Amino acid sequence: MGSNPTVEMVYKRPDTFTEVSTHYCPGCTHGVAHRLVAEVLEEMKLQDVTIGVASVGCSVFAYNYFDCDFVEAAHGRAPAMATGIKRVLPDRVVFTYQGDGDLASIGMAEIVHAAARGENISVIFINNANYGMTGGQMAPTTLPGQKTTSSPGGRDIEQTGFPIRTAEMLATLEGAGYIVRRSLHDPKNIRKAKKSIRLAFETQVRGLGFSMVELLSTCPTNWGINPVESLHWIEERMIPYFPIEDFKVSASVSQIRV
Amino acid sequence: MGSNPTVEMVYKRPDTFTEVSTHYCPGCTHGVAHRLVAEVLEEMKLQDVTIGVASVGCSVFAYNYFDCDFVEAAHGRAPAMATGIKRVLPDRVVFTYQGDGDLASIGMAEIVHAAARGENISVIFINNANYGMTGGQMAPTTLPGQKTTSSPGGRDIEQTGFPIRTAEMLATLEGAGYIVRRSLHDPKNIRKAKKSIRLAFETQVRGLGFSMVELLSTCPTNWGINPVESLHWIEERMIPYFPIEDFKVSASVSQIRV
Amino acid sequence: MPVKGWIEVDDRYCKGCDLCVYACPQDVISLDMDRLTPKGYHPAYLISEGCTGCAICAIVCPEAALTVYREVPVKRRKTPA
Amino acid sequence: MPVKGWIEVDDRYCKGCDLCVYACPQDVISLDMDRLTPKGYHPAYLISEGCTGCAICAIVCPEAALTVYREVPVKRRKTPA
Amino acid sequence: MQNEIVIAGFGGQGVLFAGQVLAYAAMDSDKEVTWIPSYGPEMRGGTANCTVIIADEEIGSPLVRNPQAVIAMNLPSLDKYEPLIVEDGTLIVNKSLVNRSIARKDLQSVLIPANEMAESLGDKRLTNIIMVGALLAQQPVLPIDAVENALRDHLPERHKKLLPLNYQALRAGEEFVKKELMGENI
Amino acid sequence: MQNEIVIAGFGGQGVLFAGQVLAYAAMDSDKEVTWIPSYGPEMRGGTANCTVIIADEEIGSPLVRNPQAVIAMNLPSLDKYEPLIVEDGTLIVNKSLVNRSIARKDLQSVLIPANEMAESLGDKRLTNIIMVGALLAQQPVLPIDAVENALRDHLPERHKKLLPLNYQALRAGEEFVKKELMGENI
Amino acid sequence: MTKELLKGNEAIAEAAVRAGLEAYFGYPITPQTELLEWLSKRMPDLGRTFLQAESELAAINMVYGAACTGARVMTSSSSPGVSLMMEGISYIAGTEVPVVLVDVMRGGPGLGNIAPSQGDYNQIVHGGGHGDFRPIVLAPASIQESIDLTVEAFDLADKYRAVVVVLVDGSIGQMMEPAELPPMQPLERRDPEWAVNGALGRDRRILSSIYIDPEEEEDINVRLLKRWNEIEANELRYREYFMENAELVVIGFGTAGRVALSAVRAAREEGIPVGLLRPITVSPFPYARIKELTNLACGMLVVEMNSGQMLHDVLTAVGSKIPVEFYGRMGGVVPFPDEILDEIKRLCYEPVAPSENPRTSWIDRLEHAKN
Amino acid sequence: MTKELLKGNEAIAEAAVRAGLEAYFGYPITPQTELLEWLSKRMPDLGRTFLQAESELAAINMVYGAACTGARVMTSSSSPGVSLMMEGISYIAGTEVPVVLVDVMRGGPGLGNIAPSQGDYNQIVHGGGHGDFRPIVLAPASIQESIDLTVEAFDLADKYRAVVVVLVDGSIGQMMEPAELPPMQPLERRDPEWAVNGALGRDRRILSSIYIDPEEEEDINVRLLKRWNEIEANELRYREYFMENAELVVIGFGTAGRVALSAVRAAREEGIPVGLLRPITVSPFPYARIKELTNLACGMLVVEMNSGQMLHDVLTAVGSKIPVEFYGRMGGVVPFPDEILDEIKRLCYEPVAPSENPRTSWIDRLEHAKN
Ligand SMILES: Cc1ncc(C[n+]2csc(CCOP(=O)(O)OP(=O)(O)O)c2C)c(N)n1
Ligand SMILES: Cc1ncc(C[n+]2csc(CCOP(=O)(O)OP(=O)(O)O)c2C)c(N)n1
Ligand code: SF4
Ligand code: SF4
Ligand code: SF4
Ligand code: SF4
C-alpha cells in the first residue's frame, strides 16, 4: 500500500515573538521560558490584550522579544506595577516575568501581597539559583554549599540560612489560585511547564485570582558549566530541594480543562 | 488546728519595667504583651544583655517602658535593624516588637528574610487586626467585612483579598526555629502566651534560630468597643480565623524545658 | 477556710480599664467612681473581703498596676501520737 | 517505514548551544563547525537522514530557531471489498 | 480687622466642634475664617485645642501667640492660656471644672458654671455651646443667629434632634453673661 | 609625555589581561599608568576593549578619543579603531582574523598572523602576548624585559607553567616586527 | 458657587476626584491619612480604583504601572513615606509618564514627629531620586489654593508627561477654611499615543526607563531638559503682597508664606516698607523675578519651616547684590507672626553684611531665643 | 611602601577592611558589585561580618542597627539602590550614628544604564532623605584618593556621628591604577558613650530619631546644624592645578575633574591661562574659595557628568560676579578631554553674557554636537 506524502509544519517560531535575536547566553533556558509564554499567548489569542511586565534581571529586555505591549518595572516591584495596570484595565491580561533575585529577594513584600490580595495577574518566576545579570551572586534560591561570586566559600547555611521555597510559601496564602513549580531541563518537563503556563493564563482570564509558575532554569554562564551539563545540574541538584509539584490549585482552577 | 499566717507577695510589677506610665489607651493589651516580655526578661535575668528594637506603631515608645537598651527602627525594618545588631553582637539578646502593619504589611520582605536566614532573634508580633497608631486603617490582618477607616464599607475580599496568616506563612521557612500564635484575651491564654515568649527567648539564647510569637491583641479605641468587649471580639471574631497553635517547633526547640 | 489575700493598685499606672474587675473570679474588684488618678481615670480597688490572692487580676492588667499579697498558713510540725 | 521529517535552522537565532543536538532522539543534529552565524556561533544542522519530525529539538531550543517539517502519508479511501 | 479665638479643653468636651460652629457661622456671614486644631506632643487623648480666626481680609497665619479671646473648658487650659491672651482680651472660663479665680485684671472675663447649666438643660454635651453663647455675649464677633444657623446646618445628623436644646444652650450662655454684666448673677 | 594604547578584540582573546600586563610593566618602571575597560552597550560577551595610558606625570582622563597605538585583535576592532588613531600613530593588527589591508597610509602598522604563530608555539592563548611583543617592537613605550617581569610576577597562578611560552611569544612578536621593518617577512 | 468649610487633606482628595482621578494607591501616614481615608470611601462609590498598598514603595510602583496606561493617577504620603518613593519617582521621570504626588510634610529627620514642616523642600525640588530630572512642584498656602493647584497638577502632569508634586505641610492638611470645589469632570478614557493598554489594532508599545546605550540615555536627558526649559518658561507662578515701593522683601512659600503675610501686614501698619513674595511653584522657581527685585529692594528675608532649603535658591538668584537674611523654625515648629515681625524690624534697624552666611547668624539668634 | 595595581571597587573595599570595618551589609548592583564580592571573601576570612541583604532597603537598616552598637560599618550601592536608602539615611542622620556609604554612580534616571555618571550629586549632597541634615560627601578622582578617603570616611563618621558618603562614578569603580593600601588597623571594640550594646553595669541607653515634641526636635536640628558648621570649618578639601595667574577657572569633581585636568594641561601647553579647581569634599563645598577665585579669574567653566547639579552650588558662590559656563555629558557618557578643551578655547575667544542661564546655551551646543 503506497501513499503520496504531503508536507506538514510540525513546529514553527510563534508569531507572538518578534524577529529579534535574544541577548541571552547560548543555552540559557530563559529563552525556553520566553518561547513557552509566546506559544501560550498565541494559542489563547491574547497577544492584543496582553501587557507584559519585565523585571530587572537578565530578562530585563524581555520586552524586546514579545510582540505585545510591555513595561519595564523597578527591581522587585513588577507585581506592584502589574497591580497598578490590572486595576485600571481589569479586562486586559497582565503578566510579570521575574527572576529569583527580583521576586524572592528584593521583591518579596510585593509578591507576597500581590498573592495575598488575590491580584488577578500571572507571574512567570525563573528560579536559576543565582543572580545572573550581575554576575552570579547568591540568591535566596542558591543551594546550600553552592559557590557564587558573593558566597565564594559556598553558601553557608549557618550565616545565610536555607534557600527559600517561594512557591510553597506563597501557596499558604488564600488569594493564590494556581501556584506550581516546573522545570525546563528536559522535553517532558518543558511540556508540563507549558501546560502550567497555559493554566496560569487561563486562571487569570477566568478571574480566578493570583497565578504563578516557578520554573527551574539554567544559568550556564554563572554556573560555569556548559548548557547541557546545566540541564543535569537542575535535575541532580535543584529538583531534590525544589520539588516539581502543584502547591495550590484552587477548586475552581482545578475545573479548568485545556 | 490553727496556723499563724505570714504574708507573701504573689505578684509585683517586674523590675525590668521602668516607672513610666504607658501611653497606651486604657485596656489595650499592648500593655499585657509588654508586661509578659518584661517578666520573661526578669525571670531569665537577661535585662543587662538585651537590646530591644521598637517598631513604628502604637508601640513606637516601647523603649520608654523596658529598663534595657533599646533602639527605634524605621517602619517595617525592625528585623533588618535587629539583624545588624545581632550580627555584630552575637552574644547579646535581641528582640523586635512589631505590630501587624509594621511586620506584615510594609515590613514583609524583612521579616520573611530574617526568618529564612534563621536570624537568631526573637520577634513579638502584635496582631490587632488594624493600624492602631494612625487611626485604625485596614491591616493585612483585618478580617473580611471588618470596617476600618480605610475600608469604610468593610474589608472587601474581592478587592483586598483575605487576611494574611503570617505565622503560618513564616513557618514554611527552614530557618524558623519557633513560631506560634497566642492570644491575650483571657488569663489562661495570657499564661500560655508568656510561656511561649519565654520559649522564644530560650530559643535565641540557645542559638536555635529565628523565633516569633504572634499575639492576638485588642485595639478598643479603633475597634470602637470597650476593653472587655474587645476581649470577646478576639475570642469570637479573630480566633476562628487566626487559630491559637504551634506552627513551627524545631526538633531542638522541642527539647527545651522551662 | 479559704486563703486570705489582697491587692494594691498603683494610681500612677491604673487606667480604670475594667479588665481586672471583669477577670476577678471573686468579684471583689471595682472601679472607684469617687476617685480620679493623676491621669484622670477612676482606679480599681478592692471592694470587699474574699480576695484569695489568685493574682488573676494582675495577669490581665495591661499596666502592671497591681501588686497582689496573700497570707500563707505556716504548717506546724506534727507531734507524734 | 518511519515518518520522514526535517528541520530548518534559522541562523539569525541559533547560538550553537548544543541543546537540540543533545535532545535529538535520532542523533541526527550536530553543530556545523565550518560555518559561523552572523553572531559568530556554529549553528546546528541536520547531519543525516532519519529525522522523524518529532520536534523535540524545537521544544528544547531556547532561541526558537528551529522549524520542523514532516511528511504525512495521505490515507487512501478504502475501496469496498 | 481680625478676631482670634482659642477654644481649649480636653477631648470629649466638644472643643473642636465648638470651633467649627464659629467657623461655619463666620463663613455664612461672608467672613474670611480659618480653623485649625493645635498640635501637641501627645498623639491621642489628653488636651484638645483649636484656633479660629475670623477676619474681613485674607488671613495670614492660622495660629497666633496671643489670641484676643479664649474659651477655657478646664483648669489646665486656663493655666496655659490666661497669660497668653492679648491685653484687655476676653476669657470665658468653665467654672464647673476650675477651682480658682482669674488672676489677670485687664481681661474681660466670665466664670460660668457650664457643666451644671448643661446638666440642668438635660445634656452634658451642651457645655461647649453654652460657652460659645457666653463668648458671643462678651465679645460679639458674630451675630448669635448666624451661629444658630450654623448649628442648624452643620450639627451632625445623629444630633439633629438636639437642635432646640443647642439653641437654648447658646441663649443660656448669652443670658448668663448679659446678667453678669448687669451684675445680676449674685 | 604620555602614551595611550587601546587593545581591542572579542571576549576570550585575553584583551584585558594584555592591557594589564602593560600596566604592571609600567608601574614596575615607576611610570604613572591607568587601565580601564571600555563600556559598550552590551552587558556581556561581544567585544572587549581596554585603554592603557602610560605617562610620567599625573594622568588626567583614563580614556582618549584618539589613541597613539591600537592593537586590533579582530576585524570589528580594526574597523572601529583604525580611523581614530592619531596621525602617524601605531596600529598592530591580528592578520589571522582580518581579511583586509590597512587603509590609512600615515600609520606605522603591522599585520601579524598571531593566531597561527600562537598555535605554532603550541597554545592559542598566547595570541595576545604576541601582539604585545609586536607593539613594543613597533613603538617601544616600555622595555620588553619590564613586560617579561610583569608576566613573571602577575601571570595567574594556574598559568605560571606557561611563563616560558609567554616569554617566547613576546619575543616572537618582537622578532616578527623587527624582521618586518627590515623587510624580511616576505 | 457655594463655599464649604473644608479640611485640607479632604479638600485635596475631593479636588483630585473631581479632576478625574481614576486610580489612587497609597499608604497611611500622619498627617496625610485623612486624604487616603476620604478616597477609600469616595473612589469605590464612584466605581474607581482605590487600593491601600502594602507600603509607599508598592504605592509608587502601582501608580507607575497605572500611569503607563494613560490613566489619571495619584498617590500621597508624608516625609518618611516620600523618601521611600525616590527610586520609583526616578523611574517615572525616566519613563515620562504623568503622576501626581501629594506630600504633606512633617517634622524630621528620621521618624521625627507629626507636626507641620517644610523639610522635604530639597528632597522634592532638588535631590530626591537618582539621575537628572526635575518634578513640577506646587506649594499652595490655603485650602482654596490646594484645591485649584491639585486640579492643575493633573493637567500639568499630562501636558509634560511629568511628575507633579503638591507640596504642603501638616497644618494645611489639618486646617479648615471656606473653599469652593470644582465641578465634577466627566471621566473620559484617555488613550495617549504612548499609553500601554494592549496592542489591539495598533503596533505594540513599550514603556521603560532603560537606555543601555549612554548616548541614547543622554538624548532622553536632553529631551527632559528641553521640556524643563518649556516648563520654566510657561508654568512659573508666584504671588506678591504689599510689594509697591517695598525696600525689604520677605520670601516664603506655603504656611511659612502666609505666616509671613501676617507679619508683613503688621509691619506695613507700622509704616515699614516691606513686601512679600510667595512662590506658588517652587519648581520652577521664580529666579528671574527675585533677581529683578534686587534692583528695587535693599534686602531680603527668607522664611521657611526648615533650615533654609529654599534659601539656597534665593541666594542663587540674588547673587551678592543685596543682603539676604534667613529665619526658619525646624522640626515641626510653626513660627508665629510676631517672630517674623521682629526679624523684619531688626533688618530695618541693624544693617547686615551681605558676605556672611545667613544661616550662621540665624542659628545663633534662634538658639539664643530658645534658651 | 609598595604600590599595587588596584581596581577601584576592590581598592575601596580593602581600604575599608584595613580601616577597621567590622560589618558590611549590601546588595549587588553594577557597577559596584566587585566591592561587595571582595568583602564576601575578605570579611569572613577575617572573622568579621559580611551579609548580603535582601535589598538596599534592608542593607541600610542593617547598617543602621549595626552602627547603633558603635561598630565601624559600611554599605555600598549604585544610583537606583541608593535611592532606596533615603529613608534609612534620614533615620541614621536623625539618630546621629556613624555610617559610611559608598555610591558608585551610574547613568539614569530610572533603570538607565550601567555606564559612569555623576547624576547622584543632588540626591547625595542636597536632597536625599526627608528633613534637615547634611552628609559629608567625599569625591575621589583616583584609586589612591579613593583608598585614602575611604579610610578617612570612617574617622569622619566617628568624629561627627554622621553619614559619610564616598561618591564615585562607575569608571573609578572599574579603573585600575597603581596605589598603596594603608596598613591593617587592629580591630578594637569601640564603646562610645552613646552605643547601644547591652546595659551591663551602666544605665540603659536609647537610640532613636523620634522627638515627638517639635521644640525638642528643633533642638536636635540645631545641634546637627552647629555640628555642620564645624564640619564646614574643619573638613573642607579641594585641589587646584595650574591656578597661578589663571584667567579662566575650570571646576569639576571626580572623573569629570580628572578629564578636565587633561584639557587644562593641553590648554596651558597652548599658552591659555586656565586653571582647575577639583573639589574633594563636595559637601562641605568650597564656596569661599570659589568666591575668592572670582576676584582673580574672569570666567568659570563647570564640568560635570550630569546636567549641572554642582553648577547650582558654583553659581551660589559666584553670584553674578563673573560669567559661569557649563559643560556636561549625561546618561553615562564620559566626556573626552578634547571636548572640554574646545569649551576652554571657546570661552577664551567668544565672551559670554553673565546673565543668561548657562544650562540653556549648553544644551543647544550639546544637541548641535550630537546631531
Ligand atoms: C534597586 C536595584 N538593586 C540592584 C540592582 C542590580 N541588579 C540588576 S539585576 C539583579 C539581580 C537579577 O537576578 P535575578 O532576579 O535572579 O534574575 P536573573 O538575572 O538571574 O535572571 C540585580 C541585583 C538594580 N538594578 N536595582
Ligand atoms: C514609612 C512610613 N510609613 C507610614 C508611617 C505611618 N505609620 C505609623 S504607625 C503605622 C501603622 C502601625 O500599625 P501597626 O503596625 O499595626 O501597629 P499598631 O499601631 O496597630 O500597634 C503607620 C502606617 C510611618 N511612620 N512611616
Ligand atoms: S547570565 Fe545566566 S541567566 Fe543570564 S542570560 Fe546568561 S545564562 Fe541566562
Ligand atoms: S490605638 Fe489601639 S493599639 Fe494603639 S494604644 Fe490604643 S488601643 Fe492600643
Ligand atoms: S486592669 Fe490594671 S489598669 Fe485596668 S483597671 Fe485593673 S488595675 Fe487598672
Ligand atoms: S537548540 Fe536552538 S539555539 Fe541551540 S543549537 Fe539547537 S537550534 Fe541552535
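Keep in mind that what you see is a predicted model, and the values were worked out from it rather than measured.
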Peer 1: So which of G:G319, G:G119, G:G331 has the biggest tally of heavy-atom pairs under 4.5 Å with chain H?
Peer 2: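 So the answer, after comparing G:G319, G:G119, G:G331, is G:G331.
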
Peer 1: Give, as side chain, backbone, both or neither, the part of H:L57 having an atom under 4.5 angstrom from any heavy atom of chain G.
Peer 2: side chain

Peer 1: Against chain G, label H:R134 side chain, backbone, both or neither, depending on which of its atoms sit under 4.5 Å from a heavy atom there.
Peer 2: side chain

Peer 1: Examine whether an atom of H:L224 lies under 4.5 Å from a heavy atom of chain G, and if so say whether it belongs to the side chain, the backbone or both; otherwise answer neither.
Peer 2: side chain

Peer 1: For H:H130, which of G:S83, G:S79, G:S78 qualifies under side chain to side chain donor-acceptor pair (under 3.5 Å)?
Peer 2: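 Looking at G:S83, G:S79, G:S78, the match for H:H130 under the side chain to side chain donor-acceptor pair (under 3.5 Å) is G:S83.
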
Peer 1: Could you label the plane-to-plane angle of the H:H312 and G:H312 rings as parallel, tilted or perpendicular, counting under 30° as parallel and over 60° as perpendicular?
Peer 2: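 Ring orientation of H:H312 relative to G:H312: perpendicular.
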
Peer 1: Side chain, backbone, both or neither: which part of H:V82 has an atom under 4.5 Å from a heavy atom of chain G?
Peer 2: neither

Peer 1: Of all of G:A288, G:G81, G:G108, which one pairs up most often with chain H through heavy atoms under 4.5 Å apart?
Peer 2: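 Result: the option with the highest number of such pairs is G:G108.
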
Peer 1: Can you say whether H:I210 sits under 4.5 Å from chain G via the side chain, the backbone, both, or neither, judging by heavy atoms?
Peer 2: both

Peer 1: Answer whether the closest heavy-atom distance between the side chains of G:N221 and H:P109 falls below 4.5 Å.
Peer 2: yes

Peer 1: With a 4.5 angstrom heavy-atom cut-off, is it the side chain or the backbone of H:D103 that approaches chain G, or both, or neither?
Peer 2: neither

Peer 1: Under a 4.5 Å heavy-atom cut-off, does chain G meet the side chain of H:E215, its backbone, both or neither?
Peer 2: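 Its backbone and side chain both get close to chain G.
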
Peer 1: Is it the side chain or the backbone of H:Q309 that comes within 4.5 Å of chain G heavy atoms, both, or neither?
Peer 2: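 Just the side chain, heavy atoms under 4.5 Å.
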
Peer 1: Heavy-atom distance under 4.5 Å to chain G: side chain of H:Y287, backbone, both or neither?
Peer 2: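 When you check distances to chain G, only side chain atoms of H:Y287 fall under 4.5 Å.
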
Peer 1: Which region of H:R106, side chain (C-beta onward) or backbone (N, CA, C, O), has a non-hydrogen atom less than 4.5 Å from a non-hydrogen atom of chain G, or is it both or neither?
Peer 2: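 Looking at H:R106, nothing touches chain G.
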
Peer 1: Checking H:L366 against chain G: side chain, backbone, both or neither under 4.5 Å from a heavy atom?
Peer 2: side chain

Peer 1: Need one label for H:N306: side chain, backbone, both or neither, based on atoms under 4.5 Å from any heavy atom in chain G.
Peer 2: both

